[in-house]
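Naming: A, B, ... by sequence-line order, numbering from 1 per chain.
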Number of protein chains: 2
Amino acid sequence: MHLIKITTLLLLVVTIAAPHLSQAQQHPNLILTKDGVEKVRKNLGKVPLFDATVQSVKQEVDAEIAFGIDTPIPKDFSGGYTHQRHKINFLTAQKAGALYQILQDDKYAKYIRDMLFQYEAMYKDLPVHPQERSYARGKLFWQCLNDSNWLVYMSQAYDAIYDTLTKQERDKLENNLFRPFADFISIDNPQFYNRVHNHSTWGNAAVGMIALVMNDEELLHRALYGIEDDGLEIGGKDNDGGFIKVAGQKAGFLANLEDPFSPDGYYTEGPYYQRYAMYPFLIFGLAMHNVKPDMQVFEHKDNVLLKGVDALLNLSDADGEFFPLNDGQKGMSYYTASLVTAVDIAYQYGNQNPQLLSIAQKQNEVLLDQSGLAVAIGIRDGKTQPFVKNSINLSDGPDGKQGGVGVLRYGNEDLTLVFKYAAQGLSHGHYDKLSFSLYEKGDEVLQDYGLARFVNIGQKGGGNYLKENKTWAKTTIAHNTLSQNETMHFAGKYEVASKHHSDLYVYDDSNKNVQIISAIETNAYPGTKMHRTMAVIKNKSFDKPFLLDIMKINSEQKNQYDMPFYYLGQVLSNNFSYDSPNILKPLGNDNGYQHLYLEGKGKPSTSSTQFSWLGKGKYYTLTSATEDSDELLLTRMGANDPEFNLRREAALMIRRKDSDNTVFASVIEPHGSYSPVSELSVNSNSNIAELKVVHDDVNYTAVTIKDVKGQTSVFILSNVNASPSKQHKLKVDGKSYGWKGAYYYSDN
Amino acid sequence: MHLIKITTLLLLVVTIAAPHLSQAQQHPNLILTKDGVEKVRKNLGKVPLFDATVQSVKQEVDAEIAFGIDTPIPKDFSGGYTHQRHKINFLTAQKAGALYQILQDDKYAKYIRDMLFQYEAMYKDLPVHPQERSYARGKLFWQCLNDSNWLVYMSQAYDAIYDTLTKQERDKLENNLFRPFADFISIDNPQFYNRVHNHSTWGNAAVGMIALVMNDEELLHRALYGIEDDGLEIGGKDNDGGFIKVAGQKAGFLANLEDPFSPDGYYTEGPYYQRYAMYPFLIFGLAMHNVKPDMQVFEHKDNVLLKGVDALLNLSDADGEFFPLNDGQKGMSYYTASLVTAVDIAYQYGNQNPQLLSIAQKQNEVLLDQSGLAVAIGIRDGKTQPFVKNSINLSDGPDGKQGGVGVLRYGNEDLTLVFKYAAQGLSHGHYDKLSFSLYEKGDEVLQDYGLARFVNIGQKGGGNYLKENKTWAKTTIAHNTLSQNETMHFAGKYEVASKHHSDLYVYDDSNKNVQIISAIETNAYPGTKMHRTMAVIKNKSFDKPFLLDIMKINSEQKNQYDMPFYYLGQVLSNNFSYDSPNILKPLGNDNGYQHLYLEGKGKPSTSSTQFSWLGKGKYYTLTSATEDSDELLLTRMGANDPEFNLRREAALMIRRKDSDNTVFASVIEPHGSYSPVSELSVNSNSNIAELKVVHDDVNYTAVTIKDVKGQTSVFILSNVNASPSKQHKLKVDGKSYGWKGAYYYSDN
């Protein structure tokens with residue numbers, strides 16, 4: 001790694017000395033290459049999915065050409081016309097460029113040229129965008145981020161028609177449009193450009209892409225390594241609350257590749273933003289691969305870019321929707337355009353993994369370049385294999401040492417646990433250490449709320465983050481994890497949270513019937529240690545796998561603990577009594593509690609509290625080992641939400657007051673099914689008769705699960721030694737258990 | 001009609017004289033016939049869908065045979081084991097019978113015989129079911145209804161193996177099981193058997209089916225005409241609140257065919273119960289067709305049974321789900337087993353409508369008899385045509401003169417209006433005259449709540465109707481129609497409501513761009529006349545069709561009027577200001593209002609109040625011509641619902657106080673779309689700038705719709721003369737309009 005870096009630097013020292021290399025570049029060479037075009041043209045009419053994509057892209061571009069070119073004076077936020085129009089322009093121009101190369105029809109070249117000169121004519125006098133909300137306002141768009149999008153795509157369009165333009169035309173475009181554009185988003189906006197953040201990745205890639213087309217080494221250096229002297233103060237913040245500059249911060253594309261990606265390819269902001277950043281990462285990576293192969297961007301950090309594609313695909317449910325960790329809009333999936341790019345590039349420049357073909361097949365479109373062709377040929381030739389998602393543990397942090405995200409899967413995604421013990425995740429991070437969500441196939445059983453935003457829907461705060469993102473979505477109580485004394489982890493302080501991460505205690509998916517992940521958090525609430533262990537267990541007496549959840553808490557002081565479970569569906573039954581108030585009041589005043597209504601308040605009737613609900617045609621029961629003095633709260637979101645920005649969804653919350661050291665042990669158990677068509681109700685009752693914490697001390701925590709037929713299963717965790725070779729012995733209720741490794745489990 | 005009836009009666013006089021006909025019957029002859037079996041066997045292996053159905057039914061029945069026969073002592077409600085077990089028994093026995101005939105494998109005959117003798121051994125000493133909730137408790141099940149289900153299916157199983165049994169065996173079964181069973185559900189339970197109701201239909205069919213197998217004319221007479229002297233009092237009620245006996249009540253299968261079906265095939269209880277009743281209607285109809293063809297049951301009342309299948313299919317949305325008019329559980333669709341029966345029988349014994357084949361294809365299974373074979377052959381031979389649902393107006397009432405249900409559809413179910421101006425619909429009726437629901441394809445835009453029940457889910461009130469069905473689902477305010485002074489139509493009195501129905505004013509779907517339905521209700525609130533007119537309009541300046549809704553009210557006194565719109569989705573924007581309370585209180589004390597929370601209360605800011613929401617990836621805007629003094633209420637269900645029996649869904653409610661004569665005019669406008677995958681937001685704003693009631697008097701009501709480009713459309717209704725040939729003239733705002741027929745409309 002070090003060696004590679006030094007080589008790279010040496011190379012740059014050399015190239016910087018000659019900012020405009022004399023050696024002639026061929027165009028296109030950025031994404032499509034001369035060779036690639038030749039190969040694509042030779043295969044036209046022979047590769048169904050590629051041909052179908054050409055046809056549908058052609059239809060789209062032809063419709064835009066018929067509509068005519070419009071480059072309106074910028075005015076709107078992301079929901080408005082001028083935003084949408086400029087966005088459609090760059091998307092269409094990029095496609096028209098590919099079509100020009102593939103079909104060699106001059107109308108596409110003319111369309112791009114005309115559009116570029118319209119922008120050229122307008123750009124030089126364009127003031128910054130009139131909307132003032134962004135910490136880095138763009139010119140065409142309200143934020144530099146979207147201007148960067150424009151340049152990433154337009155670089156490709158320009159490259160595609162480069163050879164059709166005269167030197168004079170190119171000079172005019174480069175001097176009046178592209179170079180000032182690149183300078184504006186970089187030198188004029190270092191607070192945007194010189195960070196480690198998905199915004200900067202777009203900015204760096206934009207500058208780098210146009211640099212490669214223009215063969216401008218100075219710009220390329222700025223793309224790869226950032227601005228040397230950015231004049232930024234340490235500690236400034238953007239409008240999402242993220243740091244602009246921290247001490248020792250590196251910048252540029254390589255730093256953005258280095259820092260936010262863990263060695264496993266996990267992107268610290270979470271899958272939603274990884275999906276967004278994947279496009280500039282991979283498209284600029286590919287451009288570098290084509291124009292500067294010696295720099296080995298794809299191979300950088302042990303192939304982290306291609307690993308990132310695999311990690312991202314694994315961070316999706318059975319329907320391909322990404323887990324909405326941190327700020328994530330639900331519904332975003334691997335069907336999105338940037339994942340078409342990701343999958344095709346990963347196939348072509350990775351090891352031609354035939355499982356990727358099944359995703360490409362579902363996407364039903366390919367890139368219009370050599371990688372898309374390779375994918376379409378692979379599919380045509382019957383090489384497709386199903387993409388199998390297994391359990392996976394992804395480290396977080398540049399060195400993989402800042403916690404992570406574990407995904408435990410049973411069967412063919414029959415039950416999927418997503419467990420987060422990661423770092424803060426930059427400005428898009430939420431305050432939810434040791435939180436989890438649970439899926440049965442593509443349906444959420446216990447949800448992560450995701451973000452509070454309606455991306456691009458102008459009516460909702462201009463399509464930007466809503467204030468409820470901060471007051472609700474980011475809060476601890478909005479997540480399936482522990483809240484202490486109605487406060488947030490790290491007191492909701494980004495500066496503090498950014499310094500810490502949870503630590504993995506054990507991850508073991510080797511036994512498919514007992515998969516376990518366990519992590520420890522000591523900084524979220526100073527003086528309190530949380531140790532959460534989750535196991536996906538397939539007990540032979542149960543039809544379906546269940547989740548065992550043990551949260552062990554040790555604190556220096558007495559606290560109130562809240563453990564919410566955000567179920568989705570209709571309440572069916574429970575074994576406790578509760579009061580249901582006639583009027584609904586907010587549960588608290590801040591930290592997210594102000595957004596919860598209290599719909600019911602009860603007390604356990606037995607030591608195994610049960611609560612059942614009907615999700616989408618499936619039954620679920622939460623069984624929890626409760627104490628007599630626990631409170632059982634039925635909550636619903638929507639309080640103090642006059643604009644109806646939040647969904648009206650519910651939770652069961654277990655509240656334990658005046659406790660220092662304690663254990664919350666629960667089982668979340670999917671069972672049975674209901675069909676409104678056959679009206680058959682199958683296994684609508686829980687199979688669990690009793691859940692008990694039978695032992696708990698510093699060294700060991702033991703839980704028993706008795707099923708309705710009287711069989712008892714035992715789970716024991718060694719709390720202090722997770723070594724797989726360590727021998728343990730424990731006597732529980734007069735019975736001796738001996739085992740090797742972090743945990744013991746026996747079905748009966 | 002009269003002639004046919006007399007013939008039928010004469011025939012029966014003859015047959016009753018000879019209760020056991022000497023002419024030998026062949027078995028099977030009930031559903032499968034000797035000829036049918038021969039034909040089926042000849043085609044085995046040649047008709048893919050039929051063969052596939054045989055295979056899947058075989059798999060199912062073989063699994064049950066392997067499981068073994070269990071006939072537990074009855075104990076549970078519909079959610080419990082004994083209920084489910086006995087239900088699976090009769091369903092499996094019927095299938096085993098078909099398999100025995102088709103595959104001629106003795107194991108199926110043996111399975112049925114063994115099961116029947118287990119029932120025979122248990123039945124004679126069986127007391128009535130221990131659960132006491134039903135007005136007519138069964139023996140195997142908690143209500144006679146389910147016992148009747150048992151007999152309808154078991155009759156077919158018995159018929160299938162009739163010839164394999166000795167005379168002694170048959171005598172034993174008939175004397176100890178079938179005849180006492182038939183007597184119990186009829187003579188011992190006249191309050192169940194001798195009504196016009198879906199319950200009785202099952203009872204009558206059950207008695208009739210076993211009568212045909214046993215060749216027992218006395219039982220058959222009882223099936224067709226009921227019990228002559230039932231000893232029932234006039235005015236008694238069942239546990240759903242329905243009348244058991246009204247003056248002049250007829251009984252028996254033919255009365256149940258006569259009364260609840262309109263000449264158009266609409267079943268007065270609504271599609272959910274029509275779907276349920278269709279099976280006994282058709283299966284006994286078919287049995288009669290096979291055994292007593294002279295009685296022409298299929299042809300009865302101008303083919304009303306087969307018309308009923310067509311009506312029912314037309315009462316479904318684009319996904320095949322039935323509109324939940326009256327008591328209807330959402331999600332029930334034409335994929336349910338009774339619709340397989342209905343579609344196959346309607347195909348075979350109707351006019352082999354090739355459009356039915358496309359539904360059968362979606363159902364992906366067929367009946368294992370000659371009609372299923374015919375359908376499967378039709379599909380195999382490529383005869384399938386798409387089932388096209390057009391606009392349709394279905395009359396209600398035995399003579400078609402008790403109002404009805406209109407369905408206006410634009411395009412390929414792009415927009416579907418369901419407008420209810422029907423009779424009460426027996427005990428499953430709701431108090432919602434002139435109510436409507438609206439669909440875009442298979443998605444609800446404005447919903448009908450349906451029933452408050454979780455059918456067969458034991459945890460929810462034993463799977464039976466919940467008390468919220470009465471306190472919420474049946475109430476007027478639970479529906480998209482007018483509530484006056486916070487009371488229910490007919491004061492919620494079933495006795496009163498059952499005497500009345502709304503009257504059609506005009507129905508005209510001849511112009512696909514302006515389809516209209518209009519009806520008048522004068523009895524729901526004595527002294528108040530409601531005249532509601534709904535038009536599905538495709539305006540050439542709008543991308544999508546919209547719904548124009550004009551409710552004209554004339555009252556002898558001043559009232560408070562509430563007009564709710566039960567939207568589904570997330571609130572996007574509105575053009576009025578409102579207060580959002582910090583605590584939520586119920587909106588009222590009874591008539592359903594006790595179940596609504598008030599989430600916001602505002603006043604119109606302009607005369608065209610607008611309210612937008614995002615449904616499933618589609619935008620919608622309600623524009624309503626409001627008055628300054630109107631109140632705009634944002635409500636949500638869930639108040640006074642401690643068991644969480646209601647869904648937490650919302651409405652915008654327009655409240656107008658202290659008014660006698662007034663008009664509510666609104667447009668519900670679907671527009672644009674949003675995708676969380678592309679994050680593209682298209683046409684998220686309404687196209688309407690202003691909606692105005694520009695004229696309103698006894699004779700005419702006129703409304704203008706101005707779009708955002710300034711184009712104005714005009715709709716004028718003649719309030720008193722709907723004759724298509726009548727000439728009208730009206731001056732509005734200085735402009736003269738002249739037209740022929742009930743309404744005038746012009747796009748601009």
Report yes if the side chains of B:R648 and A:Q570 come closer than 4.5 Å at any heavy-atom pair, otherwise no. no
Side-chain (A:Y597) to main-chain (B:I583) donor-acceptor, under 3.5 angstrom: no
Output every pair passing salt bridge (Lys or Arg N to Asp or Glu O under 4.0 Å) with a member in residues 77-87 of chain B, not counting sequence neighbours, ordered by first then second residue. B:E64-B:R85
In Å and rounded to the nearest 0.5 Å, what is the OG to CD1 distance from B:S612 to A:I457? 11.5 Å
Separation between CZ (B:F454) and OH (A:Y674), nearest 0.5 Å, reads 9.0 Å
In terms of heavy-atom proximity below 4.5 Å to chain A, should B:Y272 be classed as side chain, backbone, both, or neither? side chain
Output the option from B:P586, B:S678, B:G600, B:A650 having the highest count of non-hydrogen pairs under 4.5 Å with chain A. B:P586
For B:L339, which atoms come within 4.5 Å of any heavy atom of chain A: side chain, backbone, both, or neither? neither
More than 12 non-hydrogen atoms from neighbouring residues, nucleotides or ligands closer than 6.0 Å to NZ on A:K601, yes or no? no
Flag the one option from B:E321, B:K585, B:Q329 with the top tally of heavy-atom pairs under 4.5 Å to chain A. B:Q329
Within the distance-only criterion (no hydrogens, no angle test), does the side chain of A:E679 pair as donor or acceptor with the backbone N or O of B:N456 below 3.5 angstrom? no
Chain A heavy atoms under 4.5 Å from B:Y335: which part of the residue, side chain, backbone, both or neither? both
Apply side-chain hydrogen bond (donor to acceptor under 3.5 Å, both in side chains) to A:T341 and list each qualifying residue two or more places apart in sequence or on a separate chain. none
Examine whether an atom of B:N640 lies under 4.5 Å from a heavy atom of chain A, and if so say whether it belongs to the side chain, the backbone or both; otherwise answer neither. side chain
Given a strict heavy-atom distance threshold of 4.5 Å, which part of A:R647 is in contact with chain B: side chain, backbone, both, or neither? both
B:L614 versus chain A, the contacting section by heavy-atom distance below 4.5 Å: side chain
Just by distance, do the side chain of A:T336 and the backbone of B:V677 share a donor-acceptor pair under 3.5 Å? yes
Close contacts, residues 571-579 of chain A versus chain B, judged by heavy atoms under 4.5 Å: A:V571, A:L572, A:S573, A:Y578
Short side-chain donor-acceptor distance under 3.5 Å, A:N685 and B:Q459: yes
Is any side-chain heavy atom of A:Q84 closer than 4.5 Å to one of B:L680? yes
For B:Y619, give me all partners under side-chain hydrogen bond (donor to acceptor under 3.5 Å, both in side chains), at least two apart in sequence or on another chain. B:S681
Answer key: most heavy-atom pairs under 4.5 Å with chain B among A:P676, A:A639, A:S580 is A:P676
